[in-house]
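Just so you know, these numbers come straight off a predicted model, no measurement behind them. So that the names make sense, note that chain A is the first sequence line, chain B the second, and so on, each numbered from 1.
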Amino acid sequence: MSRTAKILSIAFIALWALIALAPSVLAPGDPLAVNPAEAFQAPGTTHFFGTDESGRDIYTRVIHGARDSLAIGLAATALGMGLAIVLGTVAALSPRWLDEIILRVLEALYAIPSLLMALLIIAFTGPGVGPAIVAVGLSTAPGYARLVRSQIRTLKSSEMLEAATVLGRGTWLRVRNHLVPNALKPLLALVTLGIGQAVIWAAALSFLGLGTPPPAPEWGAMLSAGRTYLHLAWWMSLFPGLAIVFVAAGATLIGRALGGKARTT
Amino acid sequence: MQRYSRASRILGCAIALPLIGSLLASCSAGAGPDSTAENAKPVAGGTLVYASGDAEPSCLDPHVGGNYPQALVASQYLESLFTKDADGKIIPWLAESTDVSEDGLTRTITLRDGISFTDGTKLTAEAIKANIEHLKDPNTASSTGYLAVGKVVDIEIVDELTAKLTLSSPDNALLESLSMPWTAIESPKALERDQATNCASPVGTGPFKVESWEHQKAVNLVRNDDYVLPVGDTARADDKAYLDGITWRFIPEAATRYAALQSGEVDVIDNAQPDTIATATNDNSLGHLDAPRPGASNRIELNSSKAPFDDQRVREAFIRSVDANSGISALYFGTAQRSYSLLSSVEPLGYTDESLFGTDAAKANELLDEAGWTERDAEGYRVKDGKRLSLDFPVSTNQSVPAEQSLFEQFQAQAKAVGFEVKIQLLDLSSWYGALAKHEYDLVSAPYTKVGPSVLRILYHSNSTVPAPSGYFANNAQVKNEKLDGILAEAEQTNDEALRASLYEQAQKLVLEGYYVLPLYDQQNHFLYGKNVHGVGATTAVSSPIYYDTFITE
Amino acid sequence: MGTIAWAGRKIGGALVVLWLVATAIFIAIRLIPGDPAEAIMGGPGSQASAEALAAARAEYGLDRPLIAQYLMYLGKLATCDFGTSYSLKQPVIGIMGEVLPNTLWLALLALAAAWVLSLCFAAQAMRANRVGAWVGNIVEIIAAAVPHFWLGAVLIMFFSSMLGWLPAVDNGTTQGLVLPVLTLALPLAGFLTQLMRDSLSYAMSSQFALAARARGESRLAVFWRHGLRHAALPALGLTGWAFSSLLSGAVVVEAVFARPGLGRSLLSAVLARDIPMVTGIALFSALVYIVVMAITEGLERAIDPAGASS
Amino acid sequence: MNGQALITARNLSVSFGSTVAVKNVSFTVRAGSCLALVGESGSGKSVTARSLLGLSGGTATADALEVCGQDALSLSERSWQQIRGSSVSMILQDALMALDPLRPVGREIGDALKAHGKLPRAERQQRVIQVLESVRMPEPERRARQRSTELSGGMRQRALIAQALAGNPQVVIADEATTALDSALTALVLAQLRELKEQGRGVLMISHDLAQVAHLADDIAVMRQGEIVEAGVAAQILGNPQHEYTRQLLRAVPSGVPRFVPLSAASRPLAAPMQKDPAPASSALSANGLSKSFGKHAAVESASFEVPRGKTLGIVGESGSGKTTTARMVLGLQPPDAGTVELLGERFAPAHEPQRRKLREQMGAIYQNPLGSFDPRYSVGQLLADALSRGKSKRAAEYRVPVTELLEQVELSLGLLDRNPRELSGGQRQRLAIARALAPKPSVLVLDEPVSALDASIQATVLDLLDRIQVETGTSYLFISHDLSVIEHMSDNVAVMHQGKIIEQGATAQVFAAPQQEYTKLLLSAMPRLR
């Protein structure tokens, strides 16, 4: 990772952390305050990003929406990753039969596309943010788990670990000092990619009317509301859309700087 | 004898077609694109593509369940015994004449001769019996039709064309009930088939018939070449519809639907977005049909059966806290008029009282203080006895357009200012019904379409708090008022028109003044159609358009 | 591994995966609080009649012990009996037969389009200068990060409403497919390009590419004979994932473009809590995924029998 | 000079942007003779060779550049394509990488004909088989259908040469064509090139190894930093080098240089080799009857050897002969099927890992590619701190003194402390690997192909370092290599492995002077010698 990339990544993360944790610093207004008289105002000096159908300030909403949107992305990825680390590690270190079983389970999870998985879960639980997070988490887990498994298996027989053995390191030291950190490193790159993707899928669920309830300024819900007025007020969907693209693309760039590939398989 | 038309109200149209030409008294100023097309000569042929924004019905037989999307499509292939003329008067359609006994408990209906169903079965009194029994059969799971014929206890076939209906109590709304598509007459032979088959291809007497149903894609309707117009029209050479058929498509995305209309892929769309209606009518590029539904206005009902809305002061406080007018004007671009009535503007007996609904945050605060909701929690919501002043508001995504959802969000924000927490839950229809059935709501917006003021009985009589076989109950405000029950029962039984009007006014006053309901506007029913589509405007008693007179020019 | 052994292993694995999916759904239905018959008939909101509930109990053997129910359930699935969709009142298998080809066709076209697009982009990127490559890079990443539903809406606005070039909704013609396919293909192309560009530049700067040039082959010939082959491999390895994400995207795209298909069926089935339908779609999409994976693995074996690239 | 000039370059320069990679080099390649361009990596020899095909990728200028009778300075891309493959062709270093692993070799060979081709498909096929036959490919029809990954090393090399010969070129450029090959394969390639020369073609051979070119080259040009520092007839350059750099390169060739004599002028001269106790009581390492099979394939069969204290045992053999499996058994990374390993008289293998952990400090290992054995997250300092602290810490600051000592011992600059090993050169990495292995002060080092990936001159410095460490610390080496000349220089005793068995072992001088086994004789005959 180059120095510039490092600085840019840290700046990017810091910016979003600030936006998510203290949105009022950048947008002091109330994201829920309606003012029907000011509905559908085009972007201008009073409203940087314009206003929506209820006269709410879109800039304020985009900024305040970061917390929900990112939280969904983070929670889903954390869930997927947690599951993946457990399953992947167990599979990699297990005897063949258990490995084989876990692989099949992962394949079964993988065989249901993520949005279908989300809909399936919603079919049983009803809509909401929780099922969306669980669904996106579950459907991304197999990809991560396979990576963890193959990482650990590769590392297990790597010259690096052999060198550690030759140097007389015990199992615990080898696992703690080399195996775990090196297995997790490519995962870190994928996490960033995954967050972006999770935000996008959560937005898709909002579009289908199964995501965050109103009037929370979640980006997917805003984008979804804005698409109805695409002809009239393009800014309603442009800015939340840009926020999603910005986060997802930024996350991708960081992921790539960390050495990740585009694939999450 | 005057020629009858089933075209009731034709707003926003300027077409002069022989059949309905003489009945256009109530036709308001035309804003359609085809003011020049007044002279367009009807041409036969062509298939109209209709794009519906509603969810695809799971059954094409409107007896089953009974919602508005079913009425829209069924109006093309099913007909009712009665319909409504331009003045809102009920007139016979498939029926030729009708008579009611002195005590109001026996209703005799005589059918027109010479009409057949599209499966070849002749229309006879047997059909009336079969249809009403079908509606009353719990296995049909009818909601709307079931309630409409609820008082019919027995059907006797007098002769081939005459049936005698015995009622449990007098019902002066019965003819209105029988004018609705949900009680439309289907072939008795077809009704004998299993429900799945009948749902896929109901058989009626209408100008079109169901040819096929490609799920998720379209219902294909073709012209009924043996159609007999029940009320003859001398100007029509034959009774056949002009169109070869109708492709009835389902395009849930509003923007896609509009784009498809703009690009000419579809000819007519329903559930047009207010902003697109405004654009389309401004630049005169598309035709617009505004056909407000009869029955109830679109309103929010306040569940008075449980806290906090069991207290009238809290109900009034909520209603005073929100500002519907500015929201409606911003969101509806002048396509919807604010209503202060329980009934649709097309109902002559509707009672309006604007003074009850003025926005007044100070008064709302005062009322809440009075009602004991004096404390506020950290988030600014009012609290009483440790409980937050919180309102559940399940909103059905299938029955509510985006503009309406936005309006509810505005209410949410406005009510918060006086200390209400409104929890809007966007639910699919099934979950929404589930929430209602479990009484998990304080606020609800449930459209109800029925012809005539007797809808008030369905919506506000205490009996309507008891679920129908389908599980649906219509009295969502949970109004349980013996006085009101008495007035509604009397209004439905009287033969005295003046008394009826005064009783219904009293009833409406009781409900409005009890702050059970926040009326918003008429049930919106906007259609946009392309330049080359003519003769759009004829509607049934429930304002669903029929395309019998419609033709397409190049 | 011989081809027959390989195929046997694949089929065995596929059956296990289908069995796991089916079992998970069986467990899920039983985990819903309340009456499983009611759950199957659409949940408490559906207000299913007593007769309908009784019919469901009989059909699914709900009055029998759990293990018997499970075996009965598996037995039915094994004989391709997915039950009747209560919301559409039709056998699930018949509905699948109607809608599945639409979605598969859409997904396959989108996959092909994404491949062609990303190959073009990747080839273009090879020739671009620094600034061009940087811009290309950004465009790919943005393309990969655009939500389908928004992209679809924007495409409709431009190409249907404003320009009137392409139909907004499915009308059975090839033109009607252009926008939905593009909507699905563009984000995927963004992903694939990133991947292909890496392997393409690896192949084009490799020793064997140099050797080919030294034999007198033109740059173009090297690109076709070597570059594409190497670029295709990782992209091919990604096909299972890509197809899966296309099926996800199809849920959205079918809603936006009003196309009948698996995604729209699932959405309406989920909204109606139509469990037989949901089960059928889940198993069918798993089956589709398995078949697609087997095909791509077969192709990979054909391109790279020795697994040289892995 | 015999032979017509096929390629003439006068004052050829190649630059990449503002960087000049090749400066004013002049040479001639003649028919029926071989010109060798010799230099370290980065000396510009490959760029020079590629510019003769118009493939340098940079900007080439020259007073004159004539390729097979054409003025190459004014050639269009199309004309270059005509020349490539049919007039001049190239054999690249790594057959695995130089043949597309995804395509059958027959198609790769056929492509050369296609590019120039008026030949119809059937005749092309025929010609492919014919070319494969001419490089003595066994079963050419079958091999043509296989991909390079499915071929054995020898067949792969033959296929690589065949693809260069398909267009019947007048000049063949062999770019490091023998580097990193084991002795048998080197011999094979050299023989093939000799044949080409005898067929009357011109051969331009590019190598970093003077010893290898000695056998083939008629003329030699020595390149350094983009310039030819010395050129002339081979015998003269090898026998009487004028330029200091040429002498340095010659000196770096290990074969025939006695133990402990520095190969590199840069290396510090050694103190007198230790001549202490001539009869150590016990050996540092001994292996008895080690065997290992993978499935049906016996990788190692009852290998027994001893490494005396302070001495070096060299194990030599071709790739696949079982050397590495032996090393892994010795290191306790692979349990032997049979046999034992004893370290300092104690049982080391087979044994439970916890039991021999203490003993492990007595044995270190060096690999061919050290990078793979380093944790990629660790810097140089962290790696050494980790080794010194037995995995408890990676803070170099805590181990300042010993880390500095280690770096000095392997002659690495202290400035590299915070670098990641990836940023180091090959030679520096190997020194780091040695430093790390030395951290626990082991008695035995197992070195598996430690210098195979290094240029001759770098190899020389690393070998000198190993010599010095042995002199200073008395560490015993088990030195494994395919390179006979390295083994000859480094070993006190040598064991020759062939197909999993040690077929011959004894004192190095003895084995090299009077091999007993046919196979050993064959190996030695293929060994390039300067001295």
So for Gln82(D), is it side chain, backbone, both, or neither that comes closer than 4.5 Å to the heavy atoms of chain C?
neither
With a 4.5 angstrom heavy-atom cut-off, which part of Arg50(D) approaches chain C: side chain, backbone, both or neither?
side chain
Indicate yes or no: at least one non-hydrogen side-chain atom of Arg197(C) is less than 4.5 angstrom from one of Phe121(C).
no
For the pair Arg259(C) and Leu106(C), evaluate side chain to side chain contact (heavy atoms under 4.5 Å, CB included) and give the outcome as yes or no after the intermediate values.
CA-CA 10 Å; Arg259(C) 296 183 57 82; Leu106(C) 179 69; 4.1 Å; yes
Between Leu55(D), Ile83(D), Asp100(D), Leu53(D), who has the most heavy-atom pairs with chain C when the cutoff is under 4.5 Å?
Asp100(D)
Flag the one option from Gln81(D), Met90(D), Glu77(D), Arg78(D) with the top tally of heavy-atom pairs under 4.5 Å to chain C.
Gln81(D)
Look at the aromatic rings of Phe191(C) and Trp241(C) and report parallel, tilted or perpendicular, splitting at 30° and 60°.
perpendicular
Heavy-atom pairs under 4.5 Å with chain D - which of Ser218(C), Ala212(C), Ala221(C) has more of them than the others?
Ser218(C)
About how many Å separate CD1 of Ile161(D) and CZ of Arg156(D), when rounded to the nearest 0.5 Å?
13.5 Å
So CD of Glu133(D) and CZ of Arg158(D): to nearest 0.5 Å the spacing works out to 13.0 Å
